[in-house]
Asker: 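One structure follows; several queries about it will come next.
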Amino acid sequence: MSEELLVTTIGKLRNRLHRILKQRYAAEADVKLTIEEFILLNMIKARTDQILQNIAIATGKNKSVVMRMIDSLEQKGLAKRTVNPEDRRENLLSITDRGSEVLHQYQQIEKKLSSELLDSIPSQKVAHFFEVVEKISKKAMNK
């Protein structure tokens with residue numbers, strides 16, 4: 001298998017999974033989030049007091065795009081900004097209790113979908129798949 005075929009195949013799979021996940025979120029979630037907002041909420045939860053600059057770097061999106069996503073999460077009551085006491089020019093981000101609830105609901109939707117997709121595949125093959133994905137990810141980081 002050539003490298004181009006690998007990248008194309010993974011790209012097609014990513015697009016299909018993205019479409020299915022969007023449909024599931026829209027159908028099953030109480031609060032509507034984009035996949036990008038869900039990822040951002042995960043990042044904020046994983047490391048409270050995130051700074052906008054760090055999120056922009058981690059997501060590969062520019063600050064204005066990240067700022068709009070943060071505004072949206074804040075308007076929905078899922079995240080909040082506070083002034084950084086160490087540098088008043090920066091805002092720190094944290095997740096609200098409601099944000100944690102919504103995040104949990106989205107994680108459950110994703111977990112259910114994952115179970116459905118992996119249902120008939122033997123666990124050793126699934127483990128091997130994730131092992132290969134991890135190796136490809138590490139190699140891709142060096143490119």
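All values below come from the heavy atoms of this structure, side chains included, with hydrogens, waters and symmetry mates left out. For clarity, every value in this text was computed on a predicted model and none was experimentally measured.
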Asker: Who pairs with L13 by side chain to side chain contact (heavy atoms under 4.5 Å, CB included), at least two apart in sequence or on another chain?
Answerer: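 L17.
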
Asker: Report the residues that fulfil side-chain hydrogen bond (donor to acceptor under 3.5 Å, both in side chains) with Q23, sequence neighbours left out, ordered by chain and then residue number.
Answerer: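 side-chain hydrogen bond (donor to acceptor under 3.5 Å, both in side chains) list for Q23, sorted by chain: empty.
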
Asker: Tell me every residue that passes side chain to side chain contact (heavy atoms under 4.5 Å, CB included) with P85, counting only those two or more places apart in sequence or in another chain.
Answerer: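 P85: side chain to side chain contact (heavy atoms under 4.5 Å, CB included) contacts with L92.
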
Asker: Can you list every ring pair (Phe, Tyr, Trp, His ring centres under 6.0 Å) pair that touches residues 61-119, not counting sequence neighbours?
Answerer: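 Pairs touching residues 61-119 that pass the test: Y25-Y106, F38-Y106.
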
Asker: List in chain and number order the residues that pass salt bridge (charged side-chain N to carboxylate O under 4.0 Å, His left out) with E74, two or more places apart in sequence or in another chain; answer none if no residue qualifies.
Answerer: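 By the salt bridge (charged side-chain N to carboxylate O under 4.0 Å, His left out) rule, E74 matches R81.
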
Asker: Do any pairs count as a ring pair (Phe, Tyr, Trp, His ring centres under 6.0 Å) and have a residue in residues 110-143, sequence neighbours left out, and if so which ones?
Answerer: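 Listed once each, the pairs would be none.
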
Asker: Hey, what else clusters with V83 if you join Ile, Leu, Val, Met, Phe, Trp, Tyr whenever side-chain heavy atoms sit under 4.5 Å?
Answerer: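 Besides V83, the cluster holds no residue at all.
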
Asker: Under the salt bridge (charged side-chain N to carboxylate O under 4.0 Å, His left out) rule, collect the residues that match up with D87, sequence neighbours excluded.
Answerer: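 With sequence neighbours excluded, D87 shows a salt bridge (charged side-chain N to carboxylate O under 4.0 Å, His left out) to R89, given in chain and number order.
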
Asker: Apply salt bridge (charged side-chain N to carboxylate O under 4.0 Å, His left out) to E101 and list each qualifying residue two or more places apart in sequence or on a separate chain.
Answerer: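 Listed in chain order: R98.
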
Asker: Mind checking what makes side chain to side chain contact (heavy atoms under 4.5 Å, CB included) contact with K111, not counting sequence neighbours?
Answerer: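 Listed in chain order: Q108.
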
Asker: Once side chain to side chain contact (heavy atoms under 4.5 Å, CB included) is applied, do any residues pair with E36, and if so which ones, sequence neighbours excluded?
Answerer: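 With sequence neighbours excluded, E36 shows a side chain to side chain contact (heavy atoms under 4.5 Å, CB included) to H18, T34, K61, M69, given in chain and number order.
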
Asker: K45 and S100: which non-hydrogen atoms are nearest, and at how many Å?
Answerer: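 Looks like NZ-OG, 3.1 Å.
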
Asker: Please collect all salt bridge (charged side-chain N to carboxylate O under 4.0 Å, His left out) contacts where either partner lies in residues 114-132, sequence neighbours excluded, each pair once.
Answerer: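 Output for this query lists R24-E116.
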
